[in-house]
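We use all heavy atoms of the structure for the numbers below, so side chains are in, but hydrogens, waters and symmetry mates are not.
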Amino acid sequence: MRQYECECTVCGTKRSVAFREEPYPEYGDMVSAFCSNCGADTRHTRTLTRKTAAELRRKAEEENLRQSILDKCAEYGFSARFLHQPVIITTSLADWCFDYHESLITLYHESTYKINLETGLYAKAHVQFSKREISPVEVVKYIAEHDAWRAKHRGKK
């Protein structure tokens with residue numbers, strides 16, 4: 001359940017309205033609610049509060065971050081798909097995954113060599129930048145450089 005401040009479109013009275021089920025109204029959406037001043041069900045609109053303004057800022061920042069990742073991927077010819085937290089970047093050679101919300105990013109990807117050279121054990125995937133501070137755009141640049149190196153040295157032994 002969520003509560004939002006709404007304003008009656010008939011008399012202009014502002015009051016808190018509880019919403020029990022999703023989808024919850026967005027800023028500016030019209031909802032039907034009982035107005036004690038009018039004495040009837042009237043149309044209400046969700047008003048701009050500090051909480052709503054912060055919610056809108058977070059959404060805009062999230063969209064800008066996603067768009068910067070998509071733009072950088074498009075620059076290198078990669079595709080990206082966003083899950084709940086991580087982004088999966090698909091290149092012509094591999095799939096890469098990292099949580100783009102974290103300030104300390106760990107990049108996961110399929111290993112070039114299927115054996116860990118240090119331990120001799122089978123290794124399907126490994127990590128890069130283990131908890132290092134790096135921006136998502138820098139990660140995409142690293143992926144492009146890694147794939148370019150790998151494509152250049154493919155087949156050389």
Side-chain angles (χ1 to χ4, degrees), residues 1-9 14-33 43-118 121-155:
M1 181 171 87
R2 298 209 178 146
Q3 291 187 335
Y4 297 113
E5 184 176 276
C6 296
E7 181 178 358
C8 178
T9 56
K14 291 183 181 180
R15 69 180 207 74
S16 181
V17 179
F19 298 93
R20 299 187 193 293
E21 298 174 4
E22 290 189 37
Y24 300 115
E26 298 289 325
Y27 167 67
D29 284 354
M30 300 291 271
V31 295
S32 181
R43 305 289 291 160
H44 285 67
T45 183
R46 185 170 163 202
T47 60
L48 185 63
T49 60
R50 287 191 324 197
K51 177 182 171 183
T52 304
E55 205 175 90
L56 293 172
R57 270 193 309 279
R58 279 192 302 276
K59 278 185 180 180
E61 288 169 0
E62 172 74 13
E63 189 55 40
N64 289 340
L65 179 58
R66 284 181 176 219
Q67 193 58 49
S68 69
I69 293 170
L70 288 172
D71 291 345
K72 199 66 170 173
C73 285
E75 184 180 318
Y76 293 113
F78 304 155
S79 66
R81 65 180 197 260
F82 295 88
L83 301 176
H84 175 65
Q85 290 289 331
V87 59
I88 297 175
I89 297 176
T90 303
T91 69
S92 59
L93 299 175
D95 288 330
W96 303 75
C97 178
F98 66 96
D99 185 351
Y100 62 99
H101 291 98
E102 298 289 326
S103 60
L104 301 177
I105 291 178
T106 300
L107 177 67
Y108 300 90
H109 70 100
E110 190 175 322
S111 294
T112 305
Y113 301 103
K114 299 301 177 194
I115 295 174
N116 184 329
L117 300 177
E118 292 175 1
L121 301 173
Y122 177 75
K124 181 179 179 181
H126 70 277
V127 298
Q128 207 61 35
F129 313 128
S130 188
K131 300 293 182 187
R132 198 170 94 193
E133 192 164 334
I134 185 169
S135 76
V137 172
E138 291 173 317
V139 173
V140 176
K141 183 179 175 191
Y142 169 81
I143 291 170
E145 291 170 356
H146 182 280
D147 276 10
W149 180 89
R150 195 166 148 204
K152 180 179 176 185
H153 292 88
R154 181 183 263 180

Next item on the list: Looking only at non-hydrogen atoms, find the nearest pair between L70 and A80 and report the distance.
Entry: CD2-CB, 3.9 Å

Next item on the list: Could you grab the distance from atom CG of L107 to atom CD of E138, nearest 0.5 Å is fine?
Entry: 12.5 Å

Item checked: Interatomic distance, D147 atom CG to L93 atom CG [nearest 0.5 angstrom] -> 4.5 Å

Identify every side-chain donor-acceptor pair in residues 17-31 under 3.5 Å, counting partners at least two apart or on other chains, and give the distances.
unit_1, atom_1, unit_2, atom_2, d
E26, OE1, K59, NZ, 2.5
E26, OE2, K59, NZ, 3.4
D29, OD2, E26, N, 2.7

Checklist line | L48 and L56, any side-chain heavy atoms less than 4.5 Å apart | finding: yes

Margin query: Tell me which pairs pass ring-ring contact (aromatic ring centres under 6.0 Å, His included) where either residue lies in residues 54-80, with sequence neighbours left out.
Written below: Y76-F78

Checklist line | Residues forming a side chain to side chain donor-acceptor pair (under 3.5 Å) with T9, sequence neighbours excluded | finding: none

Check: Between OG1 of T91 and CD1 of I143, what distance do you get to the nearest 0.5 Å?
Finding: 7.5 Å

Next item on the list: Take V139 and I89, measure what side-chain contact (heavy atoms from CB on, under 4.5 Å) needs, and give me the verdict at the end.
Entry: CA-CA 10 Å; V139 173; I89 297 176; 5.7 Å; no

Item checked: Qualifying residues under side-chain contact (heavy atoms from CB on, under 4.5 Å), relative to A60, sequence neighbours excluded -> none

Margin query: Show every salt bridge (Lys or Arg N to Asp or Glu O under 4.0 Å) that has at least one partner inside residues 73-92, sequence neighbours left out.
Written below: K72-E75

Margin query: Tell me every residue that passes side chain to side chain donor-acceptor pair (under 3.5 Å) with Q67, counting only those two or more places apart in sequence or in another chain.
Written below: D71

Item checked: side-chain contact (heavy atoms from CB on, under 4.5 Å) against R50, all qualifying residues, sequence neighbours excluded -> none

Item checked: Partner set under side-chain contact (heavy atoms from CB on, under 4.5 Å) for E62, not counting sequence neighbours -> R66, Y100, H101

Note to self: Between E55 and R2 (salt bridge meaning N to carboxylate O under 4.0 Å), is one present in this structure?
What the structure shows: no

Note to self: List the residues meeting side-chain contact (heavy atoms from CB on, under 4.5 Å) with S92, not counting sequence neighbours, and say none if there are none.
What the structure shows: none

Notebook entry, point to check: With Y142, which residues qualify under ring-ring contact (aromatic ring centres under 6.0 Å, His included), at least two apart?
Noted result: F129, H146

Margin query: Measuring from atom OG1 of T45 to atom NZ of K14, what distance do you get when rounded to the nearest 0.5 angstrom?
Written below: 10.5 Å

Check: When rounded to the nearest 0.5 angstrom, what distance separates SG in C6 from CZ in R46?
Finding: 7.5 Å

Next item on the list: Identify the heavy atoms of P136 and L65 that sit nearest to each other, and give their distance.
Entry: CG-CD1, 3.9 Å

Item checked: Donor-acceptor under 3.5 Å (T47 side chain, E5 main chain) -> yes

Checklist line | Straight-line distance of I88 CD1 to F98 CZ, nearest 0.5 Å | finding: 11.0 Å

Item checked: Set of residues satisfying side chain to side chain donor-acceptor pair (under 3.5 Å) with respect to S68, sequence neighbours excluded -> none

Next item on the list: Please identify each residue that fulfils side chain to side chain donor-acceptor pair (under 3.5 Å) with E133, with sequence neighbours left out.
Entry: none

